[in-house]
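See structure below.
Sequence positions, counted from 1, serve as the residue numbers for this chain. Computation of the quantities below employed the complete heavy-atom set of this structure, encompassing side-chain atoms and omitting hydrogens, waters and symmetry-equivalent molecules.
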Amino acid sequence: MASVSLREIYKKYAGGVIAVSDFNIEIKDKEFIILVGPSGCGKSTTLRMIAGLEEISEGELYIGDRLVNDVAPKDRDIAMVFQNYALYPHMTVFENMAFGLKLRKVPKDEIARKVEEAGRILDISHLLDRKPKALSGGQRQRVALGRAIVREPQVFLLDEPLSNLDAKLRAQMRTEISKLHKKLGTTFIYVTHDQTEAMTMGDRIVVMKDGYIQQIDTPTNLYNNPVNQFVAGFIGSPQMNFIDSKLLKINGKYVVEFGSEDTKTSKGVKYQVEVPESKADPEVLEPLVDQEVVLGVRPECIHDEEMFISAAKTGIINATVEVTEMMGAETYLYLTCEGINLTARVSPRSTARPQDEIQVALDPNRIHIFDKETEKAVVN
């Protein structure tokens, strides 16, 4: 098995297009790393550079202790699983899985043993005589995984392998791939644009934007301590609410204020959320007093239950319900407050209906504050 090290990796195309910039990461042996980000952020390009399918413009790539920049893909001891499965339609499942081993002149009895073992692990032993056209999407995906497993590579590379599956099957295959990783004890590097996949599967997640790494961290730390507004908005579903605000200091306490107020007509309301002492670092916040900031509140930290509202000492706001979405175990409320759109994720027992005027409480212990100029997190 092997660690993977990417050191100051760049990918530059003709015409000055830079797809990946200054990519640095040390991936430990047996780690499950996920590269996540929107389309065009450079995650698949990075994976293809590790595989040897794209040339590295600058930097060094190590698999184990071996520098592999100039090593051919077939000699890197990696296996790649693609989004489109890439199965040979004229071959049976057995032949598809055995193909790479045949090219390597592996003895027939060893090929049979490895294919049957992979079939047993993936629960496709009963499909070995079928052709790909007779398989469902989930079964084809398992065959593609099986073809990678029989190679017994040091590193598995998976490029959006579940994006062609329906939602139910995707959830099922997420679990299967996580189990497979534990069973095989191999290094997995997995690319997806789906943050739910990233949060549920990865030991660590690399969040990318425009070819740059934004943050590398565990799922919990990404959720609780995003380094900037992009990461905060990308991780979590529904995404974090961002409210243009102002940071004030009132009676020695830091307060975030938002809303609208027309001094001529006295219409509009200003709302305030006090920053808890545990989050208020004067060194960080003092330079931002009387400056514009962005307040971040996750939908699950906006409460419409009376017990929260009656207990809240700060952060109570009036809002109009625009749309409600009943999701079964929870309800999403789409609200407007002083022209600001907010999403709240509340209990399915909520009685709020469209056009209702309601009160909600923002949990001050779970707020985030971002610098308006740099978009960097100053309070998490």
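Take F230 and apply the ring-ring contact (aromatic ring centres under 6.0 Å, His included) test, not counting sequence neighbours, and it matches F234. Legend: residues meeting side-chain contact (heavy atoms from CB on, under 4.5 Å) with K253, ordered by chain and number and at least two apart, are E274, E277. Applying the salt bridge (charged side-chain N to carboxylate O under 4.0 Å, His left out) criterion to R120, with sequence neighbours excluded, gives E117. For R345, the side-chain contact (heavy atoms from CB on, under 4.5 Å) partners two or more places apart in sequence, or in a different chain, are P238, P299, E300, E330, Y332. Considering only residues two or more places apart in sequence or on other chains, K372 meets the side chain to side chain donor-acceptor pair (under 3.5 Å) condition with D244. When the salt bridge (charged side-chain N to carboxylate O under 4.0 Å, His left out) test is applied to E305, the partners found at least two apart in sequence or on another chain are R349. Contacts of K249 classified as salt bridge (charged side-chain N to carboxylate O under 4.0 Å, His left out), with partners at least two apart in sequence or in another chain: E286. For K114, the salt bridge (charged side-chain N to carboxylate O under 4.0 Å, His left out) partners two or more places apart in sequence, or in a different chain, are E110, E152.
The aromatic rings of F32 and F188 sit tilted relative to each other, their planes meeting at an angle between 30° and 60°.
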Just do the salt bridge (charged side-chain N to carboxylate O under 4.0 Å, His left out) check on E95 and K102 with the steps written out, would you?
-> CA-CA 9 Å; E95 289 164 342; K102 275 185 183 171; 5.5 Å; no

Side chain to side chain donor-acceptor pair (under 3.5 Å) assessment of E54 paired with T45 = CA-CA 7 Å; E54 289 275 3; T45 303; 5.4 Å; no

Return all side-chain donor-acceptor pairs below 3.5 angstrom for residues 204-211, not counting sequence neighbours, or 'none' if the list is empty.
| unit_1 | atom_1 | unit_2 | atom_2 | d |
| --- | --- | --- | --- | --- |
| R204 | NE | E31 | OE2 | 2.6 |
| R204 | NH2 | E26 | O | 2.7 |
| R204 | NH2 | E31 | OE1 | 3.1 |
| R204 | NH2 | E31 | OE2 | 3.4 |

Pairs of donor and acceptor atoms involving the side chains of residues 373-380, under 3.5 Å and at least two apart or interchain, shall be tabulated with distances.
| unit_1 | atom_1 | unit_2 | atom_2 | d |
| --- | --- | --- | --- | --- |
| T374 | OG1 | K376 | N | 3.2 |
| N380 | OD1 | H368 | ND1 | 2.6 |
| N380 | ND2 | P226 | O | 2.9 |

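Checking E338 against Y271 by side-chain atom types alone, no donor-acceptor pair falls below 3.5 Å. A side-chain donor from one of Q83 and S163 sits under 3.5 Å from a side-chain acceptor of the other. No side-chain N or O of E160 forms a donor-acceptor pair with one of T192 less than 3.5 Å apart.
You'll find the side chain of S3 stays beyond 4.5 Å of the side chain of Y62, heavy atoms only. Between L61 and L67 there is no side-chain heavy-atom pair separated by less than 4.5 Å. Within the 4.5 Å cutoff, the side chain of V143 has no heavy atoms near those of the P132 side chain. Side-chain contact check for I78 versus I63: some heavy-atom pair is nearer than 4.5 Å. Side-chain contact between D29 and T187 is present, with at least one heavy-atom pair separated by less than 4.5 Å. Put simply, the side chain of D203 does not reach to within 4.5 Å of the side chain of K28, judged on heavy atoms. Between L180 and I149 there is a side-chain heavy-atom pair separated by less than 4.5 Å.
Heavy atoms of other residues, nucleotides or ligands lying less than 6.0 angstrom from CG of D65 number 12 at most.
In this structure a side-chain-to-backbone donor-acceptor pair under 3.5 Å is missing from Q291 to D371. Without hydrogens or angle criteria, K43 side chain to V191 main chain gives no donor-acceptor distance under 3.5 Å. Looking only at distances, no side-chain donor or acceptor of D304 sits under 3.5 Å from a matching main-chain atom of V360.
Sequence neighbours left out, not one pair with a member in residues 176-192 passes salt bridge (Lys or Arg N to Asp or Glu O under 4.0 Å).
Other cluster members for M307: F308, joined by side-chain heavy-atom distances under 4.5 Å among Ile, Leu, Val, Met, Phe, Trp and Tyr.
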